[in-house]
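Please read the structure below before turning to the comments.
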Amino acid sequence: MAAPREAPGGHVEAGAGALEAVFPRDPALFADSFPEESRYRLCGRVLRISQHHGARLGVAAPVWEAALALCGYFEEQRLDFQGKSVIELGAGTGIVGILAALLGGDVTITDLPVALEQIRENVRRNVPATLAPQPRVRALSWGLDHGAFPSGYDVVLGADIVYLRETFPLLLGTLRHLCGPRSVAYLASKMRREHGAGLFFDTLLPQHFLAELVHRDEEQNINIYRVTCRPRG
Ligand SMILES: C[S@@+](CC[C@H](N)C(=O)[O-])C[C@H]1O[C@@H](n2cnc3c(N)ncnc32)[C@H](O)[C@@H]1O
């Protein structure tokens, strides 16, 4: 799976709303990484996002195109997170969850433990200390840790988290735990058929959820699905 942008020193591909990139920055933060800061104009705000490229964070380091597509969808649909409980899965940089928090959500941003320091840094850089509630950053490994989280979030968010077939049952288990009858999940995904995106969205997800394709970017091959629980009985 290729990263969406080149290594530091090269041209940084501008995603939707990208303004500019500045690097390198604070090389001491992670010894084996190449820090980069990119700025994105989203929902009338400029977000400054650190990305610690390198072996340690791996795919968690960059802002992926699907994350920008999901942020663009929030903007286009004028989604309102005011007063809503929101959880983001596999957040990477945290850009999606941070935007949801700035748009009024009570947000929990999650990923594997290795990514949490990068997310915390991005929360510090973009969320004013006066904002309440502040987004929480917590470890959640799909299928393993979700019992520590409540069920029935208003909104569940995930960008580019469908790419490893062996994690599909784990991810589905976590989605089933977090979503209640009134929950809405927005899943944005690069449709990499070779990594099982079709299997996940066309076959596995519909066994438990109604998944409506609400946005497709043909050029980037990115789909956004609005996912709700299937009515029981
Ligand atoms: C392709 S990256 C997407 C990052 C971010 N959502 C974005 O779109 O910019 C996939 C993310 O899923 C996370 N991830 C992979 N397997 C996971 C698992 N089993 N449990 C929790 N997170 C996982 C990775 O750490 C990474 O942050």
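We number each residue from 1, following the sequence as shown. Keep in mind that the numbers below use all heavy atoms, side chains included, and drop hydrogens, waters and symmetry copies. Whatever order the structure lists them in is the order used to number ligands and atoms, beginning at 1.
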Decide whether an N or O pair under 3.5 Å exists between [X] and ligand 1.
X	result
Asp160	no
Thr167	no
Ala159	yes
Ala66	no
Asp111	yes

Out of [options], whose heavy atom sits nearest [atom]?
atom	options	result
atom 7 (C) of ligand 1	Ala60, Ser189, Ala67, Ala69	Ala67
atom 23 (C) of ligand 1	Trp64, Tyr163, Trp142	Trp142
atom 11 (C) of ligand 1	Gly90, Cys71, Gly143, Gly94	Gly90
atom 2 (S) of ligand 1	Ile49, Leu89, Ile109, Val59	Val59

Full working for side chain to side chain contact (heavy atoms under 4.5 Å, CB included) between Thr110 and Val137
CA-CA 6 Å; Thr110 72; Val137 179; over 6 Å; no
Relative to ligand 1, is Leu140 under 4.0 angstrom through side chain, backbone, both or neither, heavy atoms considered?
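Near ligand 1, Leu140 shows its backbone, while the atoms from C-beta on stay back.
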Please work out, at 4.0 Å between heavy atoms, whether the side chain, the backbone, both, or neither of Pro62 comes within that distance of ligand 1.
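Near ligand 1, Pro62 shows its backbone, while the atoms from C-beta on stay back.
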Contact check, side chains of [X] and [Y], non-hydrogen atoms, under 4.5 Å:
X	Y	result
Cys179	Cys229	yes
Leu172	Leu204	yes
Leu57	Gln118	yes

Subset of ligand 1 atoms that lie under 4.0 Å from at least one heavy atom of [X]:
X	answer
Gly92	4 (C), 27 (O)
Ala91	5 (C), 6 (N)
Val63	9 (O)
Ser141	20 (N), 21 (C)

Strictly under 4.0 Å, does any heavy atom of Ala115 approach an atom of ligand 1?
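The answer is no: ligand 1 sits nowhere under 4.0 Å from a heavy atom of Ala115.
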Step-by-step salt bridge (Lys or Arg N to Asp or Glu O under 4.0 Å) determination, Arg193 to Asp202
CA-CA 11 Å; Arg193 298 282 160 185; Asp202 299 339; 3.5 Å; yes
Do we see a donor-acceptor contact under 3.5 Å between the side chains of Thr108 and Arg138?
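No donor-acceptor contact under 3.5 Å links the two side chains.
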Looking only at the side chains, is there a donor atom on one of Glu121 and His52 sitting less than 3.5 Å from an acceptor on the other?
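There is such a pair (donor and acceptor under 3.5 Å, judged by atom type) between the side chains of Glu121 and His52.
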Does the ring centre of Phe74 sit less than 6.0 Å away from the ring centre of Tyr186?
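Here the rings of Phe74 and Tyr186 have centres that are no less than 6.0 Å from each other.
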Partners passing salt bridge (charged side-chain N to carboxylate O under 4.0 Å, His left out) against Arg216 (at least two apart in sequence or in another chain):
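Residues passing salt bridge (charged side-chain N to carboxylate O under 4.0 Å, His left out) with Arg216: Glu218.
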Mind jotting down which residue pairs meet the side chain to side chain donor-acceptor pair (under 3.5 Å) criterion with at least one end in residues 142-156? Sequence neighbours excluded, please.
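Residue pairs with at least one partner in residues 142-156: Ser85-Asp154, His146-Thr174.
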